[in-house]
Number of protein chains: 2
Amino acid sequence: MFTACDHTESPFRLGGKWTAKIVRCLEDGPRRFSELAAPLRGITPKVLTETLRSMERDGLVTRTVGDGIPPRVDYALTPLGRSLLAPMAACCAWAAAHLPEVEGAREAYEQVAGSAVR
Amino acid sequence: MFTACDHTESPFRLGGKWTAKIVRCLEDGPRRFSELAAPLRGITPKVLTETLRSMERDGLVTRTVGDGIPPRVDYALTPLGRSLLAPMAACCAWAAAHLPEVEGAREAYEQVAGSAVR
DNA sequence: CCGTATCCGACGCGATACTG
DNA sequence: CAGTATCGCGTCGGATACGG
């Protein structure tokens with residue numbers, strides 16, 4: 001999703017299940033691994049690691065490791081990642097505003113589909 | 001992706017591979033099935049049908065069937081679907097503007113990862 | 001022209017358990 | 001604390017062929 005607008009193919013997609021939420025969690029500053037996991041309820045450490053790695057790979061976040069016991073790792077948005085905040089906020093606002101409409105449309109559609117079968 | 005911003009779970013995601021492109025294809029008015037398939041190079045009829053159905057289900061597009069030979073079916077954005085254009089344009093603009101950066105970051109990351117292994 | 005039917009591989013995501 | 005190691009399953013997307 002959200003490749004360039006000219007219908008060319010692009011190898012990167014921003015559509016991971018958790019990506020948007022992680023960006024927003026990092027909006028107000030760096031967060032530790034466990035600080036990210038807490039608000040993202042239900043995410044497993046494996047998936048959180050995977051997602052953060054791919055975001056790091058794409059230049060959206062940085063990963064800084066502190067040396068000590070216990071370990072401390074901080075994740076932070078890069079300027080590139082920060083530039084994502086505005087467009088993503090627009091989409092999030094859309095979702096928040098129109099979720100009820102979508103759900104209503106779904107219910108209405110189920111009615112029609114259900115009656116069509118019978 | 002792009003559920004409500006409050007970290008609640010939501011059953012709907014806008015992250016289909018072709019959804020965004022279809023919305024933009026419909027921006028300037030209704031399009032027939034084949035008119036959609038043409039610019040979306042590589043999409044199979046099955047997937048196009050599936051995607052359009054789910055968008056119809058969510059109230060984003062309408063499907064109007066003309067009676068005649070050959071058959072004619074037009075797809076058009078609903079007001080709800082049209083309201084998606086603005087936020088999506090923001091994301092598409094981001095992608096267009098920052099795609100090179102992301103690709104650069106990927107190459108740089110490959111360098112590091114590759115040298116780390118060896 | 002506008003789809004449907006079938007089959008299938010790949011990947012995303014999760015559960016669970018374990019480690020430096 | 002911050003991960004890694006395995007395993008598994010469901011969904012998404014694609015190839016191909018056929019139908020009204």
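Within every chain, numbering begins at 1; the chains are lettered A, B, ... in the order of the sequence lines, protein sequences first and strands thereafter.
Taking 4.0 angstrom as the limit, B:R32 places a side-chain polar atom (N or O) nearer than this to OP1 or OP2 of C:dC2. Put simply, B:R63 has a side-chain N or O that comes within less than 4.0 Å of OP1 or OP2 on C:dG3. A sub-4.0 Å separation between OP1 or OP2 of D:dA2 and a side-chain N or O of A:S34 is present.
Distance from the side chain of A:P71 is smallest to D:dC1 among D:dT6, C:dC1, D:dC1. Of all nucleotides listed (D:dG13, D:dA2, C:dA15), D:dG13 comes nearest to the side chain of B:W18. Nearest to the side-chain atoms of B:K46 among the listed nucleotides C:dG14, C:dC7, C:dC1 stands C:dC7. Distances from the side chain of B:V47 to the nucleotides D:dC1, D:dG13, C:dC13 place D:dG13 closest. In the set C:dG3, C:dC2, D:dG13, the nucleotide with an atom closest to the side chain of B:R53 is C:dG3. Distances were taken from every side-chain heavy atom of B:T49 (C-beta onward) to each of C:dC13, C:dT4, D:dA2; the shortest belongs to C:dT4.
Of the residues near DNA chain D, A:P45 and B:I43, the one whose nearest nucleotide (by heavy atom distance) lies more toward the 5' end is A:P45.
Counting only N and O atoms by type, the side chains of A:Y75 and A:R31 include no donor and acceptor under 3.5 Å apart.
Once rounded to the nearest 0.5 Å, the distance linking CZ of A:R24 with CE of A:M88 reads 6.0 Å. Here OG1 of B:T51 is found 8.5 Å from CH2 of B:W18. Values are rounded to the nearest 0.5 Å.
Pairing each heavy atom of B:P39 with each of B:C25, the nearest pair is CG-SG, 4.0 Å.
Not a single donor-acceptor contact under 3.5 angstrom links the side-chain atoms of A:K17 to the base of C:dG12.
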